[in-house]
Trainee: 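First, the structure itself, so that you have it in front of you.
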Number of protein chains: 2
Amino acid sequence: MSMISFTEENYLKALLRISFDSGETGVGTNELALHLGVKPATANDMLKRLRDKALVDFEKYKKITLTREGKNIATEVIRKHRLWETFLYEKLEFSWDEVHDVAEQLEHIQSSKLIDKLEKFLDYPAFDPHGDPIPSKGGELTKQFRKTLLDIPVGQLCKMVAVKDNSSAFLQYVVKVGLGINNEIHVKSRQEFDALMVIEVNGVESSVSEKFAENIYVV
Amino acid sequence: MSMISFTEENYLKALLRISFDSGETGVGTNELALHLGVKPATANDMLKRLRDKALVDFEKYKKITLTREGKNIATEVIRKHRLWETFLYEKLEFSWDEVHDVAEQLEHIQSSKLIDKLEKFLDYPAFDPHGDPIPSKGGELTKQFRKTLLDIPVGQLCKMVAVKDNSSAFLQYVVKVGLGINNEIHVKSRQEFDALMVIEVNGVESSVSEKFAENIYVV
DNA sequence: TAAATTTGTTAGACTAGTCTAACTTTATTA
DNA sequence: TAATAAAGTTAGACTAGTCTAACAAATTTA
């Protein structure tokens with residue numbers, strides 16, 4: 001029942017996300033610092049504190065991994081984040097691209113009663129508005145295999161179900177292209193040279209880059 | 001649009017509450033420190049910082065008052081607090097005595113969009129679960145005149161509408177006596193010597209102290 | 001009104017979280 | 001494999017917010 005700060009929670013969450021996304025267990029100091037928008041020196045200091053609290057395993061010049069306890073805390077933060085996103089989207093009529101930044105704040109509210117009641121109020125949702133799975137209480141972060149827009153061959157139809165990048169910047173771009181969750185996407189053509197794709201959404205054609213396409217999850 | 005921290009918000013809120021409750025404009029350093037659970041030296045340091053930000057007027061050895069801007073911020077924090085309390089009580093089925101502590105955290109979430117949407121979702125409530133008025137957007141903290149249980153003569157009936165002290169400790173005691181918002185209270189007798197009262201709530205009699213009675217608002 | 005008490009202030013120290021600049025270790029590549 | 005580059009660490013400094021201990025001003029009261 002040790003006190004855990006907002007900042008510490010953010011470091012743990014970042015470690016879980018990075019290792020989850022990369023598929024590798026160990027995370028590097030620079031990688032972590034970049035993800036959090038701090039300097040490597042700062043991350044290094046914090047990692048020593050987290051090691052003292054037995055939340056990460058970390059030896060000098062080696063990769064960082066979460067301990068069981070660290071992983072539990074990180075998973076709980078992600079669970080809270082996704083439940084709050086769902087609340088903002090479903091109950092408060094936030095748009096799909098606005099929920100993330102507010103949920104970044106709400107995820108740190110400390111009250112297990114609050115999050116249990118919220119989950120019940122939302123009727124135990126399985127996915128957040130970006131299509132990401134919401135871990136169950138005391139559960140694990142699960143990975144479902146996901147196709148991106150990049151995997152869809154020319155001429156085929158697909159449906160957007162989620163995004164990889166949750167930043168406001170990206171999400172607003174997505175909206176600008178006329179794309180939203182559950183929208184049908186028709187892949188019209190693809191340039192061999194730079195993988196630039198032309199897609200059609202609701203009758204409107206747009207060109208999107210490889211970087212864009214790999215951040216859109218589809219079925 | 002200067003950055004204002006949780007801590008600063010709490011100091012401003014405390015200043016508004018103390019001056020509001022005491023009816024006097026100026027607040028003392030010790031009084032403020034006591035209310036916030038910090039040492040007077042700490043409060044003094046913070047007051048200098050708040051003065052630098054033009055949020056309080058404060059001269060050495062004089063009483064502290066909020067500036068216009070300081071008062072606006074404090075009122076907004078109280079508005080957020082009371083809206084969140086209403087949400088917790090009405091939507092998440094929190095009991096009346098549990099809402100305060102969680103709202104203490106939620107009141108610091110920075111997003112005017114969030115609070116506007118929340119207010120709409122709750123259908124623009126005028127009072128929180130403790131019967132305190134919720135300031136309107138950009139509005140003032142208003143005081144309605146309030147009778148306490150202490151003002152009720154022996155033999156008379158009254159109805160509880162709010163409490164003065166919002167601490168969990170007090171609220172749990174209130175619940176233990178079988179009292180809740182909108183409950184009818186019958187004042188059965190009062191001791192001259194120490195003002196100890198015997199009251200009846202839902203057919204059950206209890207003895208309550210003067211201190212207890214003056215924290216129960218009634219109509 | 002002078003002494004005692006209360007109230008408020010200052011100085012110096014500590015922690016968490018951040019930085020820059022310099023340094024060391026590990027990994028890459030010519 | 002030796003030089004270069006990338007990744008990671010350390011040392012020292014800064015801010016916000018807190019403390020204790022000592023001191024100063026204002027207020028109360030004998």
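Quick note on labels: first sequence line is chain A, next is B, and so on, each numbered from 1.
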Trainee: In this structure, how many angstroms lie between the P atom of C/dG8 and the CG atom of B/L32, rounded?
Mentor: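 Interatomic distance, CG of B/L32 to P of C/dG8: 10 Å.
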
Trainee: Does A/S5 have a side-chain nitrogen or oxygen under 4.0 Å from the phosphate oxygens OP1 or OP2 of C/dG17?
Mentor: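 Yes.
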
Trainee: Just the rounded figure in Å: distance from P of D/dA25 to NZ of B/K63.
Mentor: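 After rounding, the reported distance stands at 18 Å.
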
Trainee: Starting from P on C/dT15, measure out to CG on A/D52 and report it in whole angstrom.
Mentor: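 After rounding, the gap between these two atoms is 13 Å.
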
Trainee: Please state how far atom NZ in B/K39 lies from atom C1' in C/dT7, giving the value in whole angstrom units.
Mentor: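 Between C1' of C/dT7 and NZ of B/K39: 15 Å.
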
Trainee: Can you tell me the distance, in whole Å, between the CG atom of A/L36 and the C1' atom of C/dC19?
Mentor: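 For the pair A/L36 CG and C/dC19 C1', the rounded distance is 15 Å.
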
Trainee: Step by step, would you call B/K13 with B/E107 a salt bridge (Lys or Arg N to Asp or Glu O under 4.0 Å)?
Mentor: CA-CA 11 Å; B/K13 186 180 64 155; B/E107 70 188 9; 2.8 Å; yes

Trainee: C/dG8 P sits how many Å from B/L34 CG, rounded?
Mentor: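 One finds 11 Å between P of C/dG8 and CG of B/L34, rounded.
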
Trainee: Assess the side chains of A/H81 and A/H100: does a donor N or O sit below 3.5 Å from an acceptor N or O?
Mentor: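 There is such a pair between these side chains.
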
Trainee: Assess the side chains of B/H35 and B/E31: does a donor N or O sit below 3.5 Å from an acceptor N or O?
Mentor: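 No.
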
Trainee: Backbone N or O of B/M3 within a donor-acceptor pair of the B/K53 side chain at under 3.5 Å?
Mentor: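 Pair found, side chain donor or acceptor close to backbone of B/M3.
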
Trainee: Looking at every strand, decide which applies to B/F6 at a 4.0 Å heavy-atom threshold: base, sugar-phosphate, or nothing.
Mentor: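 No contact.
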
Trainee: Rounded to the nearest Å, what distance is computed from the CG atom of residue A/L50 to the C1' atom of nucleotide C/dT15?
Mentor: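 In whole Å, C/dT15 C1' lies 15 Å from A/L50 CG.
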
Trainee: Compare all side-chain heavy atoms of A/T29 with those of A/Y61 and state whether any distance is below 4.5 angstrom.
Mentor: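 Answer no - side chains too far apart.
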
Trainee: Within the pair B/R49 and D/dA16, is there a side-chain N or O less than 4.0 Å away from OP1 or OP2?
Mentor: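 Checking B/R49 against D/dA16: no side-chain N or O falls below 4.0 Å of OP1 or OP2.
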
Trainee: Would you check, one step at a time, whether the test side chain to side chain contact (heavy atoms under 4.5 Å, CB included) holds for B/E85 with B/K80?
Mentor: CA-CA 9 Å; B/E85 281 193 342; B/K80 291 200 262 179; over 6 Å; no

Trainee: When the distance from CE of B/M46 to P of C/dG8 is rounded to whole Å, what number comes out?
Mentor: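 From B/M46 CE to C/dG8 P: 18 Å.
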
Trainee: Just say parallel, tilted or perpendicular for the rings of A/F121 and A/F87, cut-offs at 30° and 60°.
Mentor: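 Because their plane-to-plane angle lies in the 30° to 60° range, the rings of A/F121 and A/F87 count as tilted.
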
Trainee: Can you give me the N/O atom pairs linking the protein to nucleotides 9-12 of chain D at distances under 3.5 Å, or say none if there are none?
Mentor:
from, atom 1, to, atom 2, distance (Å)
D/dT9, OP1, A/Y61, N, 2.9
D/dT9, OP2, A/T29, OG1, 3.1
D/dT9, OP2, A/N44, ND2, 2.3
D/dT9, O5', A/N44, ND2, 3.2
D/dT10, OP1, A/K60, NZ, 3.2
D/dT10, OP2, A/K48, NZ, 2.9

Trainee: Is A/T7 near enough to C/dG17 that one of its side-chain N or O atoms lies under 4.0 angstrom from OP1 or OP2?
Mentor: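 Yes, such a contact exists.
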
